[in-house]
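This structure is a prediction, so every number in the text was calculated from the model and none was measured.
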Amino acid sequence: MWTCIGLLVLALANFSAWAAEAFERVVIADPFLELHTGPGRGYPVTYIAERGESVEILKRHTDWFKLRTARGKEGWAAREQMERTLTAAGVQTTFRDVLIEDYLRRRLEFGFSVGRFESDPILTAHVGYRLQEHFLVELNVSQVPGQFSSTSLIYGSLVSQMYPDQTWSPYLALGVGHFNNKPKATLVSAIETDADLANAGVGVRYYLTRQFVLRVEWKQHVALIDHNRNETFREWSLGIFSFF
């Protein structure tokens, strides 16, 4: 378990270093550029950048861009104004929509999935980091509200994609973590179970559009309760993910 979690921590550290690299700069060509507190016209304008100022593009959220001025002021600007900015060479900039190339270059992704854990419902939150073309690491936290007990799972996974450059991409996953089953208080002589967890899964990822990915997965979990007793659980799930 700790090896996989260690890989995840290392991956996130690499992501932080990657995010700290130089940002793209543009020069304002309009008389002014409005910076909002959030990505939408409903957010108030907190700063007006003037013509000729250079700004850094920190991130993009659909048709809104988070910017930082040379004076350290940060805010969000609409794409229609960004289309009228200039590069350092004086060429008008263009900002295309999020396309499949962005999906293939993604680093960080997160999402949620729902499904069945044996006969009970399961809800899982996922955070993943793309190590390289074929491999991702994930941290997964699941909750199973059963009729007679509540089960929680937390585990790290190494995910291998066979065709990462395709919109349909099958994959294999191996994970280790922790299993906890807590019986309902109404059950007599019921014992809470804590155990190590191992699992393996197969699934298919499908790039939907813009920044969204659909994922269908089947997984088998093994709770390593003691030397003489293991319990096996089957899970299937359907999830939606967003990437950066």
Side-chain angles (χ1 to χ4, degrees), residues 1-13 15 106-131 134-162 164 169-187 190-208 211-226 229-244:
M1 175 178 69
W2 299 114
T3 300
C4 192
I5 293 176
L7 285 173
L8 180 65
V9 171
L10 178 61
L12 293 178
F15 171 75
R106 72 195 183 284
R107 292 291 181 181
L108 187 67
E109 60 182 48
F110 69 93
F112 296 90
S113 64
V114 295
R116 305 296 292 182
F117 186 82
E118 293 295 332
S119 59
D120 295 321
I122 184 171
L123 173 65
T124 305
H126 311 262
V127 178
Y129 180 78
R130 184 170 177 259
L131 293 173
H134 291 276
F135 292 99
L136 300 92
V137 289
E138 282 190 351
L139 178 64
N140 310 275
V141 179
S142 302
Q143 191 65 37
V144 184
Q147 182 178 0
F148 302 107
S149 64
S150 176
T151 301
S152 61
L153 313 172
I154 179 168
Y155 57 95
S157 297
L158 179 64
V159 181
S160 173
Q161 297 183 103
M162 287 164 275
S169 179
Y171 65 87
L172 302 173
L174 294 174
V176 292
H178 182 73
F179 170 93
N180 175 267
N181 179 265
K182 184 178 296 184
K184 297 290 180 65
T186 54
L187 297 179
I191 300 175
E192 182 175 349
T193 301
D194 278 297
D196 289 332
L197 177 75
N199 56 43
V202 295
V204 175
R205 305 164 61 91
Y206 175 66
Y207 171 65
L208 288 173
Q211 289 177 280
F212 295 99
V213 178
L214 183 70
R215 189 165 90 178
V216 180
E217 184 176 69
W218 179 90
K219 187 169 290 182
Q220 181 162 300
H221 303 272
V222 179
L224 309 172
I225 297 172
D226 56 40
R229 181 186 167 203
N230 298 330
E231 289 193 18
T232 301
F233 305 91
R234 293 180 177 83
E235 172 197 346
W236 67 263
S237 61
L238 175 66
I240 188 77
F241 290 73
S242 183
F243 61 87
F244 298 92

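- Although no hydrogens or angles enter the test, the distance criterion places no donor-acceptor pair under 3.5 Å between the side chain of Lys182 and the main chain of Ser152.
- With a 4.5 Å cut-off on side-chain heavy atoms, Asn199 and Val176 do not count as touching.
- A donor-acceptor contact closer than 3.5 angstrom is absent between the side chains of Asn180 and Thr193.
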(message) For a salt bridge (Lys or Arg N to Asp or Glu O under 4.0 Å) check, start with the C-alpha distance between Arg205 and Glu109, then their side-chain angles and the critical distance, and finish with the verdict.
(response) CA-CA 13 Å; Arg205 305 164 61 91; Glu109 60 182 48; 2.9 Å; yes
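- Taking the charged nitrogens against the carboxylate oxygens, Arg229 and Glu231 do have a contact shorter than 4.0 Å, which makes a salt bridge.
- Summarising the geometry, atom CD belonging to Glu235 is positioned 7.0 Å from atom CZ belonging to Phe117; distances are rounded to the nearest 0.5 Å.
- Under 3.5 Å, the side chains of Asn181 and Ser149 contain a donor-acceptor pair of N or O atoms.
- The distance from atom OG1 of Thr151 to atom CG of Leu153, rounded to the nearest 0.5 Å, is 7.0 Å.
- Taking every heavy atom of both residues into account, Gly239 and Leu214 meet most closely at O-CD1, 3.4 Å.
- Using a 4.5 Å heavy-atom threshold, the side chains of Thr232 and Asn230 count as separate.
- When only modelled atom types and interatomic distance are considered, Asp196 and His178 share no side-chain donor-acceptor pair under 3.5 Å.
- Using modelled atom types, one finds a donor on one side chain and an acceptor on the other under 3.5 Å when comparing Tyr171 with Glu217.
- Tyr155 and Ser142 get closest at one heavy-atom pair: CE2-OG, 4.3 Å.
- At a cut-off of 3.5 Å, with distance as the only test, a side-chain donor of Arg215 or His126 sits close to an acceptor on the other residue.
- Between Phe233 and Phe179, a ring centre-to-centre spacing shorter than 6.0 Å is recorded.
- More than 12 heavy atoms of other residues, nucleotides or ligands sit less than 6.0 Å from atom CZ of Arg116.
- The environment of CD in Gln147 is sparse: at most 12 heavy-atom neighbours from other residues, nucleotides or ligands sit within 6.0 Å.
- Within the 4.5 Å cutoff, no side-chain heavy atoms of Leu136 are placed close to those of Leu131.
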